[in-house]
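So the structure is just underneath, and the comments pick up after that.
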Amino acid sequence: MRIERLPLNALRAFYQAAKEQSFKRAAVQLNVTPGAISRQVKQLEQRLGVALFERQANGVVVNPAGQLLAAEVEAGLLRIASGVEQATQRPGEHFELLISAPPSFLQLWLLPRLAAFEESEPLIRISLDADARLTPSSWRSSRAKLSLRYGRPPWPGVNSAPLCQDVLYPVCSPELLKTQHIKAPEDLLFQTLLTVDWCTSNSDGATGWPEWFHQAGKPQPALPQQRRYSLYSMALDQAIAGHGVVLASYPLIVDRLESGVLVRPFGELYPLVSGLSYALILPINEKAPPAVERFHQWLIAQAASLDTNAP
């Protein structure tokens, strides 16, 4: 149907009725009478030649054709609202950016780097949400929510921009390495092994010490008792204090390796690629506002700077 022939008032009335599952509640939202909503919907059905609701004794129910149309109308109305907001936005207004990410990734990798971005982008106000659940990103012209997630691609129902692969290394404190005999993978069997037990909806279970020993040429060893933690920050604090060796995701330890509070006993030897990765979740087929695009490019550049051959 051509744009100039779209029955916009009828579509708006239909969408509100479909959303509310009631002509009466839709009328309240649009400040009209239920009869007006009913007439608009009836005219729309006649014009399209298809029923959109099932009329029942106690009300109306959206049928499959109505559900399909309601989803498209909602998307169109959101685009219109975004366009109006963008057209009326004044230069110099702040852009609100909410970043949702798994707690450990947020605390140990992203947060230490954000200050530099905020200094270069004073008009972008950033808020942080520590959340490991898969939630969709969304945006308007003056605000956006972006999700960073950890798991096994592909991510269902969304686009994703890969940031970095998850590579695991054993790490410990320099003091522990000096006082303990750790020259080969089997030497870790005589150490306290620290484990982070956490997963996401896309992780299919986390990779741990058994997989690392197998990769290092020691399949099915008799592992010592492990201390288990739900957050990397807790396990890393214990490792820094000299209480054991933790198998850790490289992006989460890179800053502590550079500062020297943690070391890799075997250097860059024996990496374990888990098959999981970190990614930026993006809506499907939606153009990002300029502020979101700049953050996206900055994030990609930060992830590209990761070097697993660093100390």
Side-chain angles (χ1 to χ4, degrees), residues 102 104-105 108-109 132 149-155 162-279 303-311:
S104 295
F105 187 71
L108 301 174
W109 187 81
R149 289 297 173 261
Y150 170 77
R152 192 181 308 276
W155 298 89
L163 298 177
C164 54
Q165 289 290 321
D166 184 35
V167 183
L168 304 172
Y169 289 94
V171 293
C172 64
S173 70
E175 291 74 18
L176 182 71
L177 189 60
K178 289 177 184 177
T179 59
Q180 300 293 314
H181 179 82
I182 305 178
K183 302 297 183 183
E186 56 266 30
D187 295 330
L188 293 184
L189 297 174
F190 301 96
Q191 301 298 320
T192 300
L193 301 183
L194 311 178
T195 299
V196 181
D197 287 332
W198 71 294
C199 60
T200 72
S201 59
N202 254 45
S203 66
D204 297 328
T207 304
W209 282 111
E211 291 80 7
W212 183 84
F213 276 107
H214 186 274
Q215 174 109 351
K218 302 295 176 182
Q220 297 182 333
L223 294 178
Q225 184 175 359
Q226 302 175 51
R227 293 182 183 173
R228 300 183 179 275
Y229 304 88
S230 61
L231 290 174
Y232 263 110
S233 57
M234 294 190 292
L236 294 182
D237 284 346
Q238 291 299 297
I240 291 170
H243 297 320
V245 183
V246 62
L247 184 63
S249 175
Y250 183 77
L252 307 186
I253 58 173
V254 59
D255 291 345
R256 284 150 182 78
L257 292 175
E258 291 179 356
S259 69
V261 297
L262 287 174
V263 295
R264 291 181 287 186
F266 314 116
E268 66 271 17
L269 298 177
Y270 310 117
L272 177 61
V273 179
S274 71
L276 309 181
S277 64
Y278 298 91
S305 68
L306 285 171
D307 180 8
T308 58
N309 292 322

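Remember, it's a predicted structure, so these values are computed and weren't measured experimentally.
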Assess whether side-chain contact (heavy atoms from CB on, under 4.5 Å) is satisfied between Arg264 and Tyr250, documenting all intermediate values.
CA-CA 10 Å; Arg264 291 181 287 186; Tyr250 183 77; 3.8 Å; yes
Run the numbers on His243 and Thr192 for side-chain contact (heavy atoms from CB on, under 4.5 Å), then give the verdict.
CA-CA 7 Å; His243 297 320; Thr192 300; over 6 Å; no
Restricting to non-hydrogen atoms, name the atom on [X] and the atom on [Y] that form the minimum distance, rounded to 0.1 Å.
X      : Y      : result
Val261 : Pro174 : O-CD, 3.4 Å
Pro170 : Trp209 : CB-CH2, 3.9 Å
Pro251 : Gln165 : CG-O, 4.5 Å

Provide the full list of side-chain hydrogen bond (donor to acceptor under 3.5 Å, both in side chains) pairs with a residue in residues 171-186, sequence neighbours left out, each pair given once.
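Only Gln180-Gln191 qualify under side-chain hydrogen bond (donor to acceptor under 3.5 Å, both in side chains).
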side-chain contact (heavy atoms from CB on, under 4.5 Å), that's the test. Do Cys172 and Val263 meet it? Break it down for me.
CA-CA 6 Å; Cys172 64; Val263 295; 4.1 Å; yes
Spatial distance of atom [atom1] ([X]) from atom [atom2] ([Y]) [nearest 0.5 Å]:
X      : Y      : atom1 : atom2 : result
Ile182 : Leu176 : CD1   : CG    : 5.0 Å
Leu108 : Asp255 : CG    : CG    : 8.5 Å
Leu252 : Leu262 : CG    : CG    : 11.5 Å
Ser249 : Leu272 : OG    : CG    : 10.5 Å
Tyr270 : Leu247 : OH    : CG    : 14.5 Å
Arg228 : Leu194 : CZ    : CG    : 11.0 Å

Compute whether any side-chain donor of one residue and acceptor of the other, for Tyr150 and Ser104, lie under 3.5 angstrom apart.
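Note: Tyr150 and Ser104 side chains miss the donor-acceptor criterion.
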List the residues meeting side-chain contact (heavy atoms from CB on, under 4.5 Å) with Pro210, not counting sequence neighbours, and say none if there are none.
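For Pro210 the side-chain contact (heavy atoms from CB on, under 4.5 Å) partners, ignoring immediate neighbours, are Leu223.
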Once side-chain contact (heavy atoms from CB on, under 4.5 Å) is applied, do any residues pair with Ala248, and if so which ones, sequence neighbours excluded?
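side-chain contact (heavy atoms from CB on, under 4.5 Å) list for Ala248, sorted by chain: Val171, Tyr232, Leu236, Val246, Ile253.
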Residue pair Val273, Gln215: steps toward the side-chain contact (heavy atoms from CB on, under 4.5 Å) verdict
CA-CA 10 Å; Val273 179; Gln215 174 109 351; 6.0 Å; no
Salt bridge (Lys or Arg N to Asp or Glu O under 4.0 Å) involving Arg227 - partner list, sequence neighbours excluded
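Per chain and number, Arg227 pairs via salt bridge (Lys or Arg N to Asp or Glu O under 4.0 Å) with no residue.
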Can you name the residues that form a salt bridge (Lys or Arg N to Asp or Glu O under 4.0 Å) with Asp237, not counting sequence neighbours?
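None.
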Holding to side chain to side chain donor-acceptor pair (under 3.5 Å), I want the full list of residues that pass it with Ser274, two or more places apart in sequence or in another chain.
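By the side chain to side chain donor-acceptor pair (under 3.5 Å) rule, Ser274 matches Asp166.
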Side chain to side chain donor-acceptor pair (under 3.5 Å) partners of Thr195, counting only residues at least two apart
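Counting only residues at least two positions away or on another chain, Thr195 forms a side chain to side chain donor-acceptor pair (under 3.5 Å) with Gln226.
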Taking the side chain as everything from C-beta on, heavy atoms only, tell me whether [X] gets closer than 4.5 Å to [Y].
X      : Y      : value
Leu193 : Trp212 : no
Tyr169 : Pro271 : yes
Pro224 : Leu189 : yes

